[in-house]
Amino acid sequence: MDKLHELANLIFPDVHDTIADLEKRYPPRTLPEGAMVTRFAPSPTGFLHTGSLFASLISKRLAAQSNGVFFVRLEDTDTKREITGTGDQVLRELATFGVDPDEDFVKGGPYAPYIQSERKPLYDATIKHLVEQGKSYPCFCTHEELDRMRETQEARKVNPGYWGEYAVCRNIKPEDAIARIRAGHPYVMRFKSPGTHDGKVVVNDLIRGTLELTENDQDLVIMKSDGLPTYHFAHLVDDHFMRTTHVTRGEEWLPSLPIHVQLFEAMGWPRLQYAHLPVIMKLDEGKRRKLSKRKDPEAAVSFFLEAGYPIDGFLEYLMTIANTNFEGWRIANPTADKFDFKLTYDHMTLDGALFDLEKVNSISKEILGAMTAEEISAAALAWAKKYRPDIASAIESDPSYFQAIMSIERGGEKPRKDYVKYSDIWPIVDFMYEPAYAAALQAPLPWNETISKAVIRNVLETYASDPFLTLGEEEWFGRLKEVAASCGFAPSAKEYKKNKEAFLGHIGDFAEIIRIAVSGRKNTPNFYRILTILGEARIKARIARTIARL
Ligand code: GLU
């Protein structure tokens, strides 16, 4: 056995699989011609970023529309940064947006496991192969030695890092490495880079076209001292043995592409096709800047879920920023399912991913405005069950009452578009329910100061004696004017202005008194509808409570 094989066996005594064995165990997928195998590879380090949902949606659609496969792999090798539970949360959030994978680390699949910490045997077998080929070696440098090296490099004004002449462990003879490992010296495994720092590598990006990038000349750590692989190396092994064909990810990964390409070449594996999406930007006081995890709540998809944006609208918006021809297609196909549109890499732009919350809002408003009372009630209840159980139980206490409230100014020629998201509904209608109404009664009511309490009492008592709700809206309003007149109020603002002395106020002032009494506020949706939904008994009870507080 040559010394390299001996070294490889010493480092990986339990690894018996060869690359050929793995090729057989994870064979190329049998899929139709042109099918894409795409993936999303989150690290369990926090919330699902809006940019990641965007990339995942694109990956999912590309796979679905080509009869391919979209899978999610959890990249959890950086145990220090891991936040427990976030992997599952990401899957749940993806599913909520309809971006559910065909294979993932919960449901499994033919290329399982889909979680990097469980794939160590594959990484080990691959590194073993590289050691045998002289393309990977153990590095015994201590932190102090690496620090000293960095200082020397700074003093010499050369590129920092483990490269060329500075990659000292590169030159350790296999027999010496064997001796040091036997003596118990700790080590990491590095990849021996064939690159130089003025070398260039030509890569193709599906959005950016052909690019000439600087070659990687660093001997990167591929296996840490804890035996786990680093991201770059794990991704090579996983995407090869999971038979990924297309990687769509954020442009922050573009600088790593030369490393990835080099690793694929070292293994003699075909390169994947890569598309690096532009970072999602937003306009902030007229200037474009990156959507920031720290500053912008909309950077996390949980923001849209908690606020209750209609999922459909949000996906529609993401489709418009994914492909420049989507909006034109939508105009030509106003009622088609958005996923009938075929996404392509050549209609993605490098400056198109401007995240415009105003536009999301206006799409959402249209969607909520076009829903029937039944649809919006059901959707609002589903949202409330997840995020506002208090609202959900109020709705469930009388579903038809809620549906009646939601029917106000809905349908017809010009439906009102008050709501952008489900969370907007409650502040507008909560006075229809006891807790919010009782709370309003506790605070000073917004009476018109120019009208005396005695007049207010008279108006309320008069109206409560007969709210005449069996009349249709127009007749009801006619009658209201008569009652107003009997209490000393002008039937219109115009008449009042002509002769202010003759009246206590006008019909608007009169109606406002009743509105405040039954709702606790000056503004409500359509007054007549509110009254008919509250019904005579509730109106009388609320007016009596208001009078008691005058
Ligand atoms: N795990 C990497 C991340 O957290 C994935 C990068 C890739 O898609 O290749 O973003």
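Note that the structure is predicted; figures quoted are calculated from it, not measured. Order of appearance sets the numbers: ligands from 1, and atoms from 1 within every ligand.
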Next on the checklist: Under the criterion salt bridge (Lys or Arg N to Asp or Glu O under 4.0 Å), I'd like the reasoning laid out for E366 against K417: C-alpha separation, chi angles, the key distance, then a yes or no.
Outcome noted: CA-CA 7 Å; E366 290 300 321; K417 291 170 187 160; 3.2 Å; yes
Checklist entry - Would a line drawn from the ring center of Y111 to the ring center of F71 be shorter than 6.0 Å? => result no
Show me the side-chain donor-acceptor pairs of residues 301-312 shorter than 3.5 Å, one per line, residues at least two apart or across chains.
unit_1, atom_1, unit_2, atom_2, d
Y309, OH, N361, OD1, 2.7
D312, OD1, K338, NZ, 2.9

Next on the checklist: Under a 3.5 Å threshold, yes or no: a donor from one side chain and an acceptor from the other, between H197 and D217?
Outcome noted: yes
Anything under 3.5 Å between an N or O on ligand 1 and a protein N or O? List each pair with its distance, or write none.
unit_1, atom_1, unit_2, atom_2, d
ligand 1, 1 (N), A41, O, 2.8
ligand 1, 1 (N), S43, OG, 3.2
ligand 1, 1 (N), E75, OE1, 2.6
ligand 1, 4 (O), S43, OG, 2.9
ligand 1, 8 (O), R39, NH1, 2.6
ligand 1, 9 (O), R39, NH1, 3.4
ligand 1, 9 (O), R39, NH2, 3.0
ligand 1, 9 (O), Y231, OH, 2.4
ligand 1, 9 (O), R249, NH1, 2.8

Result block: side-chain N/O donor-acceptor pairs under 3.5 angstrom for residues 226-238, not counting sequence neighbours:
unit_1, atom_1, unit_2, atom_2, d
D226, OD1, L228, N, 2.9
T230, OG1, V221, O, 2.8
Y231, OH, R249, NH1, 3.2
H232, ND1, H260, NE2, 2.8
H235, ND1, H232, O, 3.2
H235, NE2, Y274, OH, 3.2
D238, OD1, R119, NE, 2.6
D238, OD1, R119, NH2, 3.3
D238, OD1, Y123, OH, 3.0
D238, OD2, Q116, NE2, 2.8
D238, OD2, Y123, OH, 2.9

Checklist entry - Got a sec, which residues hit side chain to side chain contact (heavy atoms under 4.5 Å, CB included) with P28, two or more places apart in sequence or on another chain? => result R243
